[in-house]
Amino acid sequence: MSETHSATARAHPNIAFIKYWGNADDNLRLPANPSLSMNLDGLYTQTTVTWLFEPNADRLILNRQPDTGTAFRRVSAFLNILRARLNITGSAQIESFNNFPMGAGIASSASSFAALTLAAVSAAGIQLSERALSTLARLGSGSAARSIPGGFVEWFTGQSHDESFAESFAPPDHWDLVDIIAVVSSEHKTVVSQEGHRSANTSDLQAARVAGAAERLAACKTAILSRDFKRFAEVVEHDSNLMHAVMMTSRPPLFYWLPPTLEVMARVRQWRADGLKVCYTLDAGPNIHCICVKNDAEQVRQELSALSGVVDVRAALPGGPAALVDVNG
Ligand code: PMV
């Protein structure tokens with residue numbers, strides 16, 4: 001290890017337009033299908049890692065509280081992977097916070113493991129390419145691979161650890177899409193995505209979903225590159241519906257939608273038919289990500305806020321890559 005023992009990094013969460021659901025290899029988190037996402041600006045996890053020479057003394061302070069529970073165990077297991085793969089000895093002291101609340105409909109695992117990877121590697125004095133950082137972040141949480149590069153990002157499935165990484169195909173300023181998140185429930189989800197990925201193959205529909213994913217991804221990428229909202233909306237909603245069809249038909253089934261979720265989905269389709277450039281996509285939870293063009297964002301925000309089932313509304317533009325933060329600067 002070099003002189004540098006401490007580093008701070010920030011990473012944004014991301015919203016997938018073509019979803020990752022199910023693994024070809026659970027241990028390596030090699031996904032069953034390629035996926036595509038946009039980083040969310042303004043929202044971030046900031047993580048400081050300090051490597052200490054004492055063994056068996058990993059410590060986590062999460063959102064200003066010491067954590068020894070589930071989050072700590074997941075972080076510590078990930079640190080063991082980093083230590084083994086990068087030949088790092090010693091324990092890590094980690095201080096991490098999100099500038100967005102839990103239960104806001106934004107998954108924090110992507111930004112958390114992306115920031116943790118960059119901070120831990122940098123604090124150990126190791127220089128890695130963006131690709132290598134993305135592969136490592138994937139081992140903490142699959143979608144974290146997509147929070148390492150900036151803007152609009154594609155994650156390749158790959159056949160091995162080194163081949164499964166995410167890469168940017170357009171910078172954040174390529175298209176001013178806005179993700180307006182309609183929060184319909186702030187309760188924490190009961191089934192973590194790790195278990196969901198393991199159950200994906202119990203649905204008869206998963207094989208069909210996976211078989212068409214590369215084609216949907218190509219269509220989505222072309223729509224983004226040509227800023228074709230109509231095509232974009234069709235494929236994004238379709239892909240989200242497919243993932244939820246798999247979830248609902250898994251054994252045991254996973255139902256994430258609540259009554260207001262369905263109402264917002266129906267409204268979004270109606271607003272689009274009425275001329276607004278807006279579509280929806282949902283992750284493993286009941287909150288709806290309404291993706292729209294910047295010109296229509298204020299109207300979409302107002303329409304969503306007026307619905308009785310919507311308890312909160314948040315907005316994010318495309319965000320940049322994970323980056324080191326100079327805390328003294
Ligand atoms: O990275 P994970 O294991 O939390 O999985 C993310 C799964 C979804 O958010 C539902 C879809 C996606 O591609 O982000």
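Counting starts at 1 for both ligands and their atoms, in listed order. When reading the values below, keep in mind they use all heavy atoms of this one structure, side chains included, and skip hydrogens, waters and symmetry mates.
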Any idea which atoms of ligand 1 are less than 4.0 Å away from a heavy-atom of [X]?
{"X": "Ala16", "answer": "12 (C), 13 (O), 14 (O)"}
{"X": "Ala284", "answer": "10 (C)"}
{"X": "Gly142", "answer": "1 (O)"}
{"X": "Met243", "answer": "10 (C)"}

Can a non-hydrogen atom of Lys19 be found less than 4.0 Å from any atom of ligand 1?
-> yes

[X] N/O under 3.5 Å from ligand 1 N/O:
{"X": "Ser193", "result": "yes"}
{"X": "Ser35", "result": "no"}
{"X": "Tyr20", "result": "yes"}

When you check the gap from the basic side-chain N to the acidic O, do Arg251 and Asp204 get nearer than 4.0 Å?
->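 Yes.
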
Using a strict cut-off of less than 4.0 Å between a Lys/Arg side-chain nitrogen and an Asp/Glu carboxylate oxygen, indicate whether Glu237 and Arg272 qualify as a salt bridge.
-> yes

Can the ring centroids of Trp155 and Phe165 be said to lie less than 6.0 angstrom from one another?
->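 Between Phe165 and Trp155, which both carry aromatic rings, the centre distance is not below 6.0 Å.
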
Taking heavy atoms and a distance under 4.0 Å, where does Gln194 meet ligand 1: side chain, backbone, both or neither?
->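 It is neither; nothing of Gln194 touches ligand 1.
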
Might you point out which heavy atoms bring Phe152 and Trp175 nearest each other, and give the distance in Å?
->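 Minimum heavy-atom separation between Phe152 and Trp175: CZ-O, 3.7 Å.
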
